[in-house]
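The structure appears right after this line, and notes come after that.
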Amino acid sequence: MNDGKRTPWIVGVSGASGTPYAAAVLRGLLAAGESVDLVVSRASRLTLLDETGISFRDAHWREDLAAWLARGADGKPDTFVVDLDDVRYWPAGDLGAGPSSGSYPAKGMLVVPASTAAVAGVALGLSKDLLQRVASVTLKERRPLVVAVRETPLNGQTLRHMVALDEAGAVVLPASPAFYAGATHIQDLVDFVAGRVLDAAKVPHRLYRRWEGELGAALRSD
C-alpha cells in the first residue's frame, strides 16, 4: 500500500442497533479493493458489545475488528475471512485526526448504522465527535455522504433532520431490507442493506440479487 496515493472511504459507525450492517459494508469495501478509514463512536462500542459480545478497544482495534468482521449476522464466528491491511482506524475522540480536515484525501463517507443522534448532529453541524466532524467535512467538500438511518418509528424532528441532510447533498438511506432478492437467511437481509449503501457510493459488489423485471425469478433460482 502506498499511503501517498491512498484515497479511502471513511466509514463511521454510530450507536444505533445494526452493527452487522456496518460489518457487511466494511467487508464489501475491502472486497472491492477500496481503502477504508474507520471511526467507531463511543456509543457504538456499547451496541457492538451488546450485539456481538466484542469489546472494541483503541489499543487492540485490529484484533477486535478482525473478530467483528469475521462474525456472521447469525452470530457465528469465523464465517468470513477479511484482509485488514488497508484499514486505518481513528479514535472517535481524536478531533485532530486526518479526516477532520478537508485537505485529507477521501472518496467520501458512509455512516452505517446512523442513529438519530448522529443524524441530528450532522444535520445541525455540531461536530461533537470525529464521526460528526468528518461527516460535516464530507458535506462541505461536496464528497458523497451516505447516511444509513436505523431507527423506527421516526418522529417529526428526525424527519426534518433527514430532509436537511438530503438538501445538503447527502444520501439518506434507511436500513430497510427487501425480500425480492430471495433472502433465506438473516445474512441475506443484512447484505441487501449493505449492498444498497455500496450502490449509493458507486462501489461494485455482489451482495444481493438485483431486480431484473421477472416476477418470481429469485424463487425459481432457489
Side-chain angles (χ1 to χ4, degrees), residues 1-2 5-14 16-40 44 48 51-52 54 62 64-89 106-114 138 143-150 170-222:
M1 178 181 68
N2 187 338
K5 297 181 180 179
R6 186 176 182 273
T7 307
W9 281 98
I10 302 169
V11 177
V13 186
S14 80
S17 176
T19 55
Y21 293 133
V25 166
L26 288 165
R27 288 192 297 264
L29 288 170
L30 295 171
E34 299 286 348
S35 301
V36 173
D37 277 21
L38 177 64
V39 180
V40 178
S44 70
L48 183 63
E51 294 183 347
T52 70
I54 296 171
R62 187 173 293 274
D64 298 336
L65 180 61
W68 177 22
L69 298 192
R71 188 184 184 90
D74 58 2
K76 293 181 181 178
D78 302 321
T79 299
F80 300 98
V81 177
V82 183
D83 184 351
L84 301 180
D85 284 348
D86 207 1
V87 178
R88 188 171 185 179
Y89 169 71
K107 290 185 176 179
M109 184 179 191
L110 314 176
V111 183
V112 54
T138 302
R143 296 168 182 161
L145 173 64
V146 182
V147 182
V149 184
R150 215 308 304 161
V171 174
V172 179
L173 194 152
S176 301
F179 295 84
Y180 63 78
T184 57
H185 302 286
I186 186 173
Q187 189 67 55
D188 298 329
L189 297 174
V190 168
D191 285 347
F192 179 87
V193 172
R196 295 300 287 152
V197 171
L198 296 178
D199 286 346
K202 295 181 172 55
V203 174
H205 67 86
R206 299 181 66 182
L207 287 176
Y208 70 89
R209 177 190 298 275
R210 298 185 182 278
W211 175 251
E212 296 180 348
E214 183 181 355
L215 293 175
L219 295 175
R220 287 194 294 276
S221 67
D222 292 338

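No hydrogens, no waters, no symmetry mates; every other heavy atom, side chains included, goes into these values. Computed from a prediction, not measured in an experiment: that's the story for all the values here.
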Q. Rounded to the nearest 0.5 Å, what separation is found between the CH2 atom of Trp9 and the CG atom of Leu26?
A. 13.0 Å
**Q.** Under the side chain to side chain contact (heavy atoms under 4.5 Å, CB included) test, residues paired with Val193 that sit two or more places apart
**A.** Tyr21, Ala175, Pro177
**Q.** Ala106 versus Ile10, closest heavy-atom pair with distance
**A.** CB-CD1, 3.8 Å
Q | Side-chain touch Leu29/Leu110, heavy atoms, less than 4.5 angstrom | A | yes
Q: Evaluate the side-chain proximity of Val112 to Val146: yes if any heavy-atom separation is below 4.5 Å, no if none is.
A: no
Q) Side chains of Leu145 and Val111: does their closest heavy-atom pair fall under 4.5 Å? A) yes
Q) Of all residues at least two apart in sequence or in a different chain, which pass the side chain to side chain donor-acceptor pair (under 3.5 Å) check with Ser176? A) none
(Q) Which heavy atom of Val147 sits nearest to which heavy atom of Ala114, and what is that distance? (A) CG1-CB, 3.5 Å
**Q.** Residues which pass side chain to side chain contact (heavy atoms under 4.5 Å, CB included) with Ala31, listed by chain and number, not counting sequence neighbours
**A.** none
Q: Evaluate whether atom CZ of Arg62 has more than 12 neighbouring non-hydrogen atoms of other residues, nucleotides or ligands under 6.0 angstrom away.
A: yes
(Q) Using the salt bridge (Lys or Arg N to Asp or Glu O under 4.0 Å) criterion, which residues pair with Asp64? Sequence neighbours excluded. (A) Arg57
Q: Working to the nearest 0.5 Å, report the span between OG of Ser35 and CG of Asp85.
A: 11.0 Å
Q) Which residue pairs pass the ring-ring contact (aromatic ring centres under 6.0 Å, His included) test with at least one member in residues 66-88, sequence neighbours excluded? A) none
Q | Partner residues of Ala73 under the side chain to side chain contact (heavy atoms under 4.5 Å, CB included) criterion, sequence neighbours left out | A | Pro20, Ile186, Gln187, Val190
Q | Qualifying salt bridge (Lys or Arg N to Asp or Glu O under 4.0 Å) pairs with a residue from residues 25-34, counting only residues at least two apart or across chains | A | Glu34-Lys107
Q: Would you list the pairs meeting salt bridge (Lys or Arg N to Asp or Glu O under 4.0 Å) in which at least one residue belongs to residues 182-196, sequence neighbours left out?
A: Arg196-Asp199
Q: Can you sort out the partners of Glu212 under salt bridge (Lys or Arg N to Asp or Glu O under 4.0 Å), two or more places apart, ordered by chain and number?
A: none
**Q.** For the student: nearest non-hydrogen atoms of Phe179 and Leu189, plus distance
**A.** CE2-CD2, 3.8 Å
Q: For His205 and Leu198, work out which heavy atoms get closest and say how close.
A: CD2-CB, 3.7 Å
Q. Does Ser44 have any side chain to side chain donor-acceptor pair (under 3.5 Å) partners at least two apart in sequence or in another chain, and if so, which?
A. Ser41
(Q) Within the 4.5 Å heavy-atom criterion, are Leu69 and Leu84 side-chain neighbours or not? (A) yes
Q | side chain to side chain contact (heavy atoms under 4.5 Å, CB included) involving Pro113 - partner list, sequence neighbours excluded | A | Val13, Ala16, Ala22, Arg150
